[in-house]
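Starting from 1, each residue takes its place in the sequence as its number.
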Amino acid sequence: MAAAASAMGWRRRVHLWFDHGAGDDPVATAIHRGLVLLICANVAAIVLHSIPDLAQRFGPAFHAFETVSLVLFALEYAARLWVAPEHARYRALTPLKARLTYAASLPAMVDLLATLPLAFAVLGLADLQFLLLLRLLRFFKLGRYSPGMASLAAALHAERKALFACFVVLMGVMLMAASVMHLVEHEAQPDKLGTIPDAMWWAIITLTTVGYGDVSPITAAGKAVAAVTAVLGLVMLALPVGIVATAFAQEIHRREFVVTWSMIARVPLFGQLDAVEIAEVMQFLRARTVRNGVVIAHEGDPLQALYFVASGEVELALPEGKTTLDEGHFFGALTLDDVAITSHACGVNAAVATAPTKLLVLDQIDFKALTARSPRLAAHIRELARGA
């Protein structure tokens, strides 16, 4: 029993090292920075190895570095698979099902494909050319360490229909421009614009504003068509750029809003507020980052704020014993006149961060300012509290 508890404790600790390494934990920081550096070094090594002189001079060094990298990536994949039951989204599943569900996710698939060259090397198939593509997949492992890349992928997925519509319109404009250019130039340049497929190459190069110059009109009518096509190309490029930029900004705000909203909704009273009222509360939250071992609330000191755990862990000392809160939970207390908003009926004696932790804090002063600025919200909170 003690061995199982110890294993679960280590599994939780490794999970925090791999998936919450943005704080001040030296082990987590070393792991994250080391993996990012290893990924970048691998991509650089793949590129440099394609240069014949360097491949000939440093071939053994490249091979040794590739072997070490594959072993490290395989260990990383195994560790992430082991700690999968600790992920918040998989905690309701059994350990086996949690690991299988994680293994089917896109980040895990990229990790697996990046380690496949090791398996092929063991089987004596390391010289296959397509393994180069699997090695280059390691570049996409950086997406795990960049929330911006994840937000961009979500934005592209959300606007996939609009982007596909832009692609269809682009193809239509390309066909029209190629057909018109073929009609006005096929006699003057039968070798370059004698057919519509030939003209399609010119059209797509012009619409994308690349303009290689290998095909260009020589007649007055052809030049007029080219001018109109070039202007249309600017419009066609501006459409998807505007769609992606707007969706990307909305995705970032939406993600921050949803995460914060979900934490606020856990507070019994706040969870009964409407969307406008919760948005007003969110404006007064302050971000705070604490290191592992930092005391958030000392024993005997009254709590005069609500603390929402955005990431990390906080250990609470309660009269009935200790408990640990992770991301998405809250603790603390606020008062509004005779109304009390608390997380634990018996009170919190002390609170200590047991991992690098990010908090969103609503203190008593800001809460008073919020209710003073919005009497309607203050009245609603009093009504909900008295009816609870």
Side-chain angles (χ1 to χ4, degrees), residues 39 43 87-89 101-114 133-134 136-183 196-212 215 224-265 274-280 282-283 310 328:
I39 294 169
V43 175
H87 285 270
R89 68 181 68 177
T101 304
Y102 170 75
S105 65
L106 182 59
M109 293 293 291
V110 172
D111 289 342
L112 177 62
L113 291 174
L133 297 178
L134 294 181
L136 286 174
L137 282 176
R138 296 167 195 169
F139 175 79
F140 295 100
K141 290 166 64 68
L142 290 174
R144 175 181 281 113
Y145 308 101
S146 174
M149 291 181 66
S151 298
L152 178 59
L156 292 174
H157 182 267
E159 298 296 333
R160 61 190 183 280
K161 294 182 179 179
L163 294 173
F164 180 74
C166 290
F167 175 77
V168 172
V169 173
L170 176 63
M171 293 298 102
V173 173
M174 180 195 68
L175 287 172
M176 290 297 298
S179 300
V180 175
M181 182 60 74
H182 164 68
L183 288 177
I196 292 180
D198 290 336
M200 287 172 62
W201 166 252
W202 166 86
I204 194 64
I205 293 302
T206 304
L207 285 170
T208 54
T209 70
V210 175
Y212 288 130
V215 181
V225 173
V228 175
T229 304
V231 174
L232 289 175
L234 297 175
V235 176
M236 295 309 302
L237 287 180
L239 280 175
V241 169
I243 291 173
V244 172
T246 302
F248 184 52
Q250 290 177 346
E251 179 63 27
I252 292 177
H253 292 304
R254 185 185 301 115
R255 178 166 301 198
E256 294 176 350
F257 186 82
V258 169
V259 171
T260 308
W261 184 306
S262 64
M263 289 188 293
I264 293 178
D274 58 32
V276 175
E277 291 169 335
I278 290 183
E280 291 179 0
M282 291 170 60
Q283 295 177 15

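Qualifying side-chain contact (heavy atoms from CB on, under 4.5 Å) partners for L112, counting only residues two or more places apart in sequence or in other chains: Y77, T115. Legend: residues meeting side-chain contact (heavy atoms from CB on, under 4.5 Å) with L113, ordered by chain and number and at least two apart, are L116, L134, L137. Taking the side-chain hydrogen bond (donor to acceptor under 3.5 Å, both in side chains) definition, one finds that T206 meets it with W202, sequence neighbours left out. Applying the side-chain contact (heavy atoms from CB on, under 4.5 Å) rule to T246 yields the partners Q250; only residues at least two apart in sequence or on another chain are considered. Remark: A165 engages no residue in a side-chain contact (heavy atoms from CB on, under 4.5 Å) (not counting sequence neighbours).
Applying the side-chain hydrogen bond (donor to acceptor under 3.5 Å, both in side chains) test to every pair with at least one member in residues 153-167, sequence neighbours left out, gives these pairs: H157-R160. For the ring-ring contact (aromatic ring centres under 6.0 Å, His included) condition, the pairs that include at least one residue of residues 158-183, sequence neighbours left out, are H182-H186. Applying the side-chain hydrogen bond (donor to acceptor under 3.5 Å, both in side chains) test to every pair with at least one member in residues 228-243, sequence neighbours left out, gives no pairs at all.
Side-chain contact between M171 and I204 is present, with heavy atoms from C-beta onward closer than 4.5 Å.
Here the OG1-CG distance, from T209 to L232, works out to 13.0 Å after rounding to the nearest 0.5 Å. Atom NE2 of H87 and atom OG1 of T101 lie 11.5 Å apart (nearest 0.5 Å). Residue M181 holds its CE atom at 13.0 Å from CG of D198, rounded to the nearest 0.5 Å. Interatomic distance, CG of L239 versus CG of L234, reported as 11.5 Å (0.5 Å rounding).
Nearest approach of T208 to L237, heavy atoms of both residues: O-CD1, 3.9 Å. The two residues A177 and V225 make their nearest non-hydrogen contact at O-CG1, 4.4 Å.
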